[in-house]
Engineer: 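Sending over a structure as structure tokens; questions will come in a sec.
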Amino acid sequence: MPKTVADVMSRDPIVVREETPLKEAIQILAERHISGLPVVDDLGKLVGIISETDLMWQETGVTPPAYIMFLDSVIYLKNPATYDRDLHKALGQTVGEVMSKNPIAISPDKTLKEAATIMHDRSVHRLPVLDITGQVIGILTRGDIIRAMAASQD
């Protein structure tokens, strides 16, 4: 019988709220040696995820999009909306300002193969695991899947 997400996920993950100060989230990530945190609302529903990638904007900053002028018109060579999003991430002070919204989640009854496929296809490193009420009950990382693969070869 194939292993499920529930078999290998980390249960009761640390979660943060949108209003959590960014410094606090960074401290949690550093102290716990984890690379991402689910973000929940007041009802405990998943609203986002904050990861190392999101936080890199704080250090790297952003570069304004290249543009050309033509007959007094500015023509951006990249989407200026992307610049606005990146700038917001670079200057954000709370988790809600920096997190990635609309995170991809999974249910605990899915197989590890399904989870691995989602992670690969969507280029994500972790999946919050939600129960039928939408509460975060666990988190599954690529490392969890690799460790399960290694254990099954013993």
Engineer: Indicate if L130 and V47 have the same hydrophobic cluster label, given that clusters are the connected sets of ILVMFWY residues with side-chain heavy-atom separations under 4.5 angstrom.
Structural biologist: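 Hydrophobic grouping puts L130 apart from V47.
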Engineer: Using atom types as modelled and distance alone, determine if a side-chain donor or acceptor of Q135 lies under 3.5 Å from a backbone N or O of L43.
Structural biologist: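 Yes; at least one donor-acceptor contact below 3.5 Å.
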Engineer: Are I14 and V136 connected into the same hydrophobic cluster when the rule is that any two of I, L, V, M, F, W, Y join if their side-chain heavy atoms are below 4.5 Å apart?
Structural biologist: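 No; I14 is not reachable from V136 via cluster members.
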Engineer: Would you mind listing every salt bridge (charged side-chain N to carboxylate O under 4.0 Å, His left out) that reaches into residues 6-16, with sequence neighbours excluded?
Structural biologist: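 Qualifying pairs: none.
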Engineer: Who are the side chain to side chain donor-acceptor pair (under 3.5 Å) partners of S123, not counting sequence neighbours?
Structural biologist: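 Testing S123 for side chain to side chain donor-acceptor pair (under 3.5 Å), a comparison that skips the adjacent residues, returns none.
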Engineer: For I139, which fellow cluster members are found when Ile, Leu, Val, Met, Phe, Trp and Tyr are connected by side-chain heavy-atom distances below 4.5 angstrom, either directly or through intermediates?
Structural biologist: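 Under the 4.5 Å side-chain rule, I139 groups with nothing.
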Engineer: Going by side-chain heavy atoms closer than 4.5 Å, which hydrophobic residues are tied to I49, directly or by a chain of links?
Structural biologist: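 Noted: I49 shares its cluster with no other residue.
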Engineer: Check for me, please, whether L55 and M99 land in the same ILVMFWY cluster - side-chain distances under 4.5 Å, paths through other members count.
Structural biologist: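 Yes, L55 and M99 fall within the same hydrophobic cluster.
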Engineer: Show me, pair by pair, the donor-acceptor contacts under 3.5 angstrom made by side chains of residues 33-40, not counting sequence neighbours?
Structural biologist:
from : atom 1 : to   : atom 2 : distance (Å)
S35  : OG     : R126 : NH2    : 2.7

Engineer: Cluster question for you: counting only ILVMFWY and a side-chain heavy-atom cut-off of under 4.5 Å, with indirect links fine, are V15 and L127 together?
Structural biologist: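 No, V15 and L127 fall in different hydrophobic clusters.
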Engineer: Do V98 and Q93 make a side-chain contact, defined as non-hydrogen atoms from C-beta onward lying under 4.5 Å apart?
Structural biologist: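 No, side chains not in contact.
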Engineer: Checking I132 now: which residues fulfil side-chain contact (heavy atoms from CB on, under 4.5 Å) with it, not counting sequence neighbours?
Structural biologist: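 Checked I132 against side-chain contact (heavy atoms from CB on, under 4.5 Å); zero matches.
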Engineer: Using a 3.5 Å cut-off and no angle test, enumerate the donor-acceptor pairs between side-chain atoms of residues 22-32 and protein atoms at least two apart in sequence or in another chain.
Structural biologist:
from : atom 1 : to  : atom 2 : distance (Å)
Q27  : NE2    : E31 : OE2    : 2.8

Engineer: Should we count CG of N102 as having more than 12 external heavy atoms under 6.0 Å?
Structural biologist: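 Not buried by this count: 12 neighbours or fewer within 6.0 Å.
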Engineer: Donor-acceptor pairs are to be reported for all side-chain atoms of residues 104-120 against protein atoms at under 3.5 Å, with residues two or more places apart or in another chain.
Structural biologist:
from : atom 1 : to   : atom 2 : distance (Å)
S107 : OG     : D109 : OD1    : 2.5
T111 : OG1    : E114 : N      : 3.1
T111 : OG1    : E114 : OE1    : 3.2
E114 : OE1    : T111 : N      : 2.8
T117 : OG1    : K113 : O      : 2.8

Engineer: How would you list, by chain and number, every residue that makes a side chain to side chain donor-acceptor pair (under 3.5 Å) with T20, sequence neighbours excluded?
Structural biologist: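 Result, side chain to side chain donor-acceptor pair (under 3.5 Å) vs T20: none returned.
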Engineer: Salt bridge (charged side-chain N to carboxylate O under 4.0 Å, His left out): which pairs involve residues 140-149, sequence neighbours left out?
Structural biologist: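 Passing the test, one end in residues 140-149: D144-R147.
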Engineer: Flag the pair T141 / S10 as yes when at least one side-chain heavy-atom distance between them is below 4.5 Å, and no otherwise.
Structural biologist: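 Side chain of T141 against side chain of S10, heavy atoms only: no contact under 4.5 Å found.
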Engineer: Only counting residues at least two apart or in another chain, list the ones meeting side-chain contact (heavy atoms from CB on, under 4.5 Å) with D42.
Structural biologist: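 Here the qualifying residues are R17, E19.
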